Amino acid sequence: MRLRHIEVFQAIVQTGSISAAARLLNVSQPNISRVLNHAEQQLGFALFERRIQGMSVTAEGRRLLPEIDDLCQRLQSITQLTEQLRRGEGQLVRVGAAHAFGQMVLAPALVTWRQQMASVSVELVTEHFSTLCQMILDNQLDFALVFGQQVDADLLAEPLFQSSMVALLPLNHPRNEPVTLAWLCNNNLLMMQAQDPLGRVLHRALRDKKLNPAVSLSIKTYSVIADMVLAGGGTGVVDLFTACRYAEQLKLLPIAQPLPFEVMLISRRDQPQSQSTLQLKQVIRNRLWEIARQCETQFLGG
């Protein structure tokens, strides 16, 4: 028996007639009769005895009823489960992020997303790039938000956003126009580490211009660069999101030579993502562009 045969059979059992079964299933009476006749032809025996007072289940049909009832309960359970999955109930999304994205991007994005998907649980981890990649490969994270660079062949990198790095100066500094790399080097530029994804871009640009910062200190965490500028330790170059976090405490200026960076989501290439994960990714993408527009308009004169 096909599922449509079973559905019609159960509807007639429940209602007692073909016309009532048609109303229950919201189809025409001839449609019900046609499906029933097809089922009985394929089975080789009658499921009902046609009587004036209605349809009566045959002995063979009664033998089928317990199995059909059990199957219908299972189908109902599947329907309930699919509805729960659609709403995200009982799901867990495990998200990783580079430190720069934790406060400015993911925290508000998760608040927005939780308003839409209140029944989904979330785990958030902030770590450095190499650790996040390994956690995804080990199935400890579903995806991570990182700065763009080459990833393992087993990982999928999805570009979300592109922009340029900005300069950080003390808030009371008199300069208000874009700065050059040479000017930054002459004003105690605090360096990113050379192996860092954004650090590679900055170090390459300095080499191309044959510039050497006077300060020998190199820093791995972008927020620490901002904190040192805040403490009077020099000037800094960071991503737009770290800069926006310090926009009320430091002066943000464009850099005359663009220092591009890319934001991407990385995940396992061999694992499809849930609907909940896809929705969260869209919320994150919207948040990235929202911050960028706000920062460029209010603090960079965009």
Side-chain angles (χ1 to χ4, degrees), residues 97-105 126 128-129 145-150 159-264 287-302:
H99 294 293
F101 298 118
Q103 184 177 31
M104 289 301 299
V105 179
T126 56
H128 293 290
F129 178 82
L145 186 66
V146 298
F147 290 107
Q149 58 181 302
Q150 189 172 358
L160 289 187
F161 177 85
Q162 290 180 333
S163 188
S164 292
M165 288 180 264
V166 298
L168 297 181
L169 280 63
L171 191 60
N172 59 358
H173 198 286
R175 189 176 181 96
N176 292 308
E177 62 270 18
V179 296
T180 64
L181 291 176
W183 186 92
L184 288 168
C185 288
N186 292 330
N187 285 269
N188 299 323
L189 175 62
L190 299 164
M191 287 297 294
M192 299 173 172
Q193 293 186 350
Q195 66 272 25
D196 180 88
L198 302 192
R200 291 192 186 99
V201 177
L202 177 57
H203 281 259
R204 186 185 308 117
L206 293 172
R207 285 196 305 270
D208 290 344
K209 292 188 172 294
K210 298 180 173 56
L211 295 172
N212 291 303
V215 179
S216 60
L217 183 64
S218 62
I219 304 167
K220 187 172 186 178
T221 304
Y222 308 152
S223 60
V224 174
I225 294 176
D227 286 333
M228 292 195 66
V229 175
L230 192 59
T235 60
V237 172
V238 296
D239 63 281
L240 195 62
F241 306 102
T242 300
C244 192
R245 179 181 171 187
Y246 287 84
E248 302 295 338
Q249 302 168 278
L250 296 172
K251 180 172 289 188
L252 279 55
L253 291 178
I255 301 172
Q257 178 182 352
L259 299 174
F261 70 88
E262 185 175 54
V263 180
M264 62 187 188
R287 178 61 182 170
L288 288 169
W289 285 102
E290 178 186 334
I291 294 172
R293 285 193 296 267
Q294 177 185 353
C295 188
E296 290 170 353
T297 300
Q298 294 186 10
F299 306 109
L300 295 172

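Both backbone and side-chain heavy atoms feed into the values below; hydrogens, waters and symmetry mates do not. Keep in mind that this is a model prediction, so the values were computed, not measured.
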Under 3.5 Å: donor-acceptor pair, side chain of T235, backbone of N187: yes

Value rounded to 0.5 Å, distance of OG1 in T221 from CD in Q193: 8.0 Å

Separation between CD1 of I225 and CG of L230, rounded to the nearest 0.5 Å: 13.5 Å

Heavy-atom pair of closest approach, residues L171 and Q249: CB-O, 3.4 Å

Test item: R287 side-chain N/O and M104 main-chain N/O as donor-acceptor pair under 3.5 Å: yes

Spatial distance of atom CG (L145) from atom CZ (F241) [nearest 0.5 Å]: 8.0 Å

Residue pairs fulfilling salt bridge (charged side-chain N to carboxylate O under 4.0 Å, His left out) with at least one residue in residues 186-203, sequence neighbours excluded: none

Centroid-centroid under 6.0 Å between F147 and F129 rings: no

Option from Q149, Q150, H128 for which side-chain contact (heavy atoms from CB on, under 4.5 Å) with P197 holds: Q149

Aromatic ring pairing W289/F161, orientation class (parallel under 30°, perpendicular over 60°, tilted between): perpendicular

Heavy-atom donor-acceptor pair, Y246 side chain to S223 backbone, under 3.5 Å: yes

Sequence neighbours left out, cut at 3.5 Å: what donor-acceptor pairs do the side chains of residues 251-258 make with other protein atoms?
from, atom 1, to, atom 2, distance (Å)
K251, NZ, H173, O, 2.4
K251, NZ, R175, O, 3.1
K251, NZ, N176, OD1, 2.9

Atom of V229, atom of G236 and distance for their closest heavy-atom approach: CG2-N, 3.6 Å

Minimal non-hydrogen separation, A243 against V166, with atom names: CB-CG2, 3.3 Å

Nearest-0.5 Å distance, OH of residue Y222 to CG of residue D227: 15.0 Å

Which atom of P213 lies closest to which atom of M191, heavy atoms considered: CG-SD, 3.6 Å

Atom pair CD1/SG of I291 and C244 - distance to nearest 0.5 Å: 6.0 Å

Student check: side-chain heavy atoms of V146 and M264 closer than 4.5 Å: yes

Considering all heavy atoms, the nearest E262-P159 contact: OE2-CB, 3.5 Å

Residues K220, Q195; criterion side-chain contact (heavy atoms from CB on, under 4.5 Å); working and verdict: CA-CA 9 Å; K220 187 172 186 178; Q195 66 272 25; over 6 Å; no

Distance, nearest 0.5 Å, that separates CE of M192 from CG of L198: 5.0 Å

side-chain contact (heavy atoms from CB on, under 4.5 Å) partner of L184, chosen from L190, L168, L189: L189

Non-hydrogen atoms of L240 and S163 that approach each other most closely: CD2-OG, 3.7 Å

